[in-house]
Asker: 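Let me give you the structure first, and then I'll get to my questions.
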Number of protein chains: 2
Amino acid sequence: MVKGLDKVGLESSLRAVERETLNDRVYRELRTMIMSGGFAPGSEMKLRALAQSLHVSLMPVRDAIGRLVVERALKMLPNHRVIVPETTIDEFLEIRRVRILLEGEAAALASQHVSPDVIASLKRIHEKIKSLSGNKQRQFWALNQEFHFAVYEAAKSPLLLSMIESLWLQIGPVFNHIPINLTSEGARGHHRIIAALGAGDAKAARAALTEDLMKGGDRIIAALIQDKQPAR
Amino acid sequence: MVKGLDKVGLESSLRAVERETLNDRVYRELRTMIMSGGFAPGSEMKLRALAQSLHVSLMPVRDAIGRLVVERALKMLPNHRVIVPETTIDEFLEIRRVRILLEGEAAALASQHVSPDVIASLKRIHEKIKSLSGNKQRQFWALNQEFHFAVYEAAKSPLLLSMIESLWLQIGPVFNHIPINLTSEGARGHHRIIAALGAGDAKAARAALTEDLMKGGDRIIAALIQDKQPAR
DNA sequence: AGTTTTGATTTGTGATAACAAATCAAAACT
DNA sequence: AGTTTTGATTTGTTATCACAAATCAAAACT
């Protein structure tokens, strides 16, 4: 009863570049656009417009949008219209609360089995961030994301990773569209995270990450308040 | 401007009652079926078969399945075939770890503002569970679910609730398809949860819930091991 | 003038059909 | 006899079209 084991090797090597459907391409494209601030909070996601700009038919777009709504990256209004969510301060706090739980856990897990080269790569990203000139908010956000996910991937928990990704997706538009006063303050937070991971200290890793999220979150909240105050 | 009114009569009368789209109906239907053990782990979800049995076209099914894959309720194989996941022990432990984080947090939150009628309703469900005769696994699971979600809804955090739902969706097939030795042990756990909530003690609520998940999880894991051992 | 009504347009939703990739089974071959 | 090849069938993917509900703008009315 040994059937079809012969082809496995060949096929998997051929399929090295996994078949990517249009569906997935559109989904991934929209996803990264949302995460990197390609759409302003509140903007409508219209099927036909997106389809045209991506040069595909309605269907893949429809599919991708449906998925993004499920993971709360997009929001469906009662009219069945889909928008990029405008995050209120309460919602942001709600997200931060969960982020601290999940990302803290991921950091604690990561501290138990980080490899030296992960530490090295974290340090490299850390240096890049420190050397960032001026208020390059977009770059900062991208590098910050790179840093954090290097930690979370080291946790080796696909479940945690996917849930954390979904949370970042929800706050992506906020980070990229609220003007934030960037200080070098965040750098010390990252340094403490690296140290805790290097020492294999789970408790310290969770604490360092929690503080990083709290501090960063406070800056966002301040920006949110300031953004709401002035005349519109 | 009369185009094609043939089918309108039936449809509009139905739509007067239910306000939801076919899309959502199929999604919700599949969702509850999965959660309540309607499909065995490993079984394939074929679009056309499902469409026929639900009396709809391929599209709503396709859409619903896509969403369920995103929330990990279903798993897409590299062949692009979709199955109900077979949960390994490691995966189950991974899920339990996250459940403790999120559901513990929800319990802690709930303890801060439970209303007396939520407590009353919890007690009612608790009694029902205790009076459950024999090894009625399906009913136990359904009531257990009712109990826990009454707690989580009291947390008043839509984000937490949706993430927790997604986790239950992932373990639903396991609970309903692995024969578990039901004892009245779980009852004491629920009693402690009610007490902690009633006292408004967040720490105790989190602890009680954590212990409940640990104890229950241990029973499942034992069943999983026993289920893997014998000849199939 | 301000409100309502109506008609046209835009939007999401759903069905059908054409297509491509994977699977399976029988025939052909060594 | 066992393996390969081929052809048919099944499965997921995508485009196109038809429809319904919501939206918007202009006309009609009070």
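Naming convention: chains lettered A, B, ... in sequence-line order (proteins, then strands); numbering from 1 in each chain.
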Asker: With a 3.5 Å cut-off and sequence neighbours excluded, list the donor-acceptor pairs that the side chains of residues 41-56 of chain A form with protein atoms.
Answerer:
{"residue": "A:S43", "atom": "OG", "partner": "A:A40", "partner atom": "O", "Å": "2.7"}
{"residue": "A:S53", "atom": "OG", "partner": "A:L50", "partner atom": "O", "Å": "3.3"}

Asker: Do any of residues 39-71 of chain A sit with a heavy atom less than 4.0 Å from DNA chain D, and if so which?
Answerer: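 A:S57, A:M59, A:P60, in order of number.
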Asker: Can you tell me the distance, in whole Å, between the CZ atom of B:R25 and the P atom of C:dG14?
Answerer: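 Going from B:R25 (CZ) to C:dG14 (P), I get 10 Å.
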Asker: Would you mind reading off the distance between B:L77 atom CG and C:dA21 atom C1', rounded to a whole angstrom?
Answerer: 15 Å
Asker: What residues, two or more places apart in sequence or in another chain, satisfy side-chain contact (heavy atoms from CB on, under 4.5 Å) together with A:T88?
Answerer: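 Partners of A:T88 by the side-chain contact (heavy atoms from CB on, under 4.5 Å) criterion, ordered by chain and then number, come out as A:D90, A:E91.
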Asker: Provide, to the nearest angstrom, the distance between the CG atom belonging to A:L74 and the C1' atom belonging to C:dT11.
Answerer: 16 Å
Asker: Partners of B:Y27 by ring-ring contact (aromatic ring centres under 6.0 Å, His included), sequence neighbours excluded?
Answerer: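 Residues passing ring-ring contact (aromatic ring centres under 6.0 Å, His included) with B:Y27: none at all.
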Asker: As a test of reading the structure: which of D:dA15, C:dT13, D:dT23 is closest to the side chain of A:R81, going by heavy atoms?
Answerer: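 Side chain of A:R81 sits closest to D:dT23.
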Asker: I'd like to check the ring-ring contact (aromatic ring centres under 6.0 Å, His included) partners of B:F147; sequence neighbours left out, ordered by chain and number.
Answerer: B:H190
Asker: Per the salt bridge (charged side-chain N to carboxylate O under 4.0 Å, His left out) rule, what does the pair list look like for residues 104-115 of chain B, sequence neighbours excluded?
Answerer: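 Listed by first then second residue: A:R97-B:E105, B:E105-B:R206.
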Asker: Applying ring-ring contact (aromatic ring centres under 6.0 Å, His included), can you list everything that pairs with B:F149, at least two apart in sequence or on another chain?
Answerer: B:Y152, B:W168
Asker: How many angstroms lie between CG in A:L224 and CD in A:E86, if you round to the nearest 0.5 Å?
Answerer: 11.0 Å
Asker: Verify the contact: side-chain N or O of A:H80 to OP1 or OP2 of C:dT13, cut-off strictly under 4.0 Å; return yes or no.
Answerer: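 It does, given that an N or O in the side chain of A:H80 lies less than 4.0 Å from OP1 or OP2 of C:dT13.
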Asker: Using Watson-Crick and G-U wobble pairs whose two distances are both under 3.5 Å, how do you write the pairing of DNA chain D as dot-bracket, with | for links to another strand?
Answerer: ||||||||||||||||||||||||||||||
Asker: Filter on salt bridge (charged side-chain N to carboxylate O under 4.0 Å, His left out), then keep only pairs touching residues 144-172 of chain B, sequence neighbours left out; what's left?
Answerer: B:R31-B:E165
Asker: For A:N23 and A:N79, find the nucleotide of DNA chain D closest to each by heavy atoms; which residue's nucleotide sits nearer the 5' end?
Answerer: A:N23
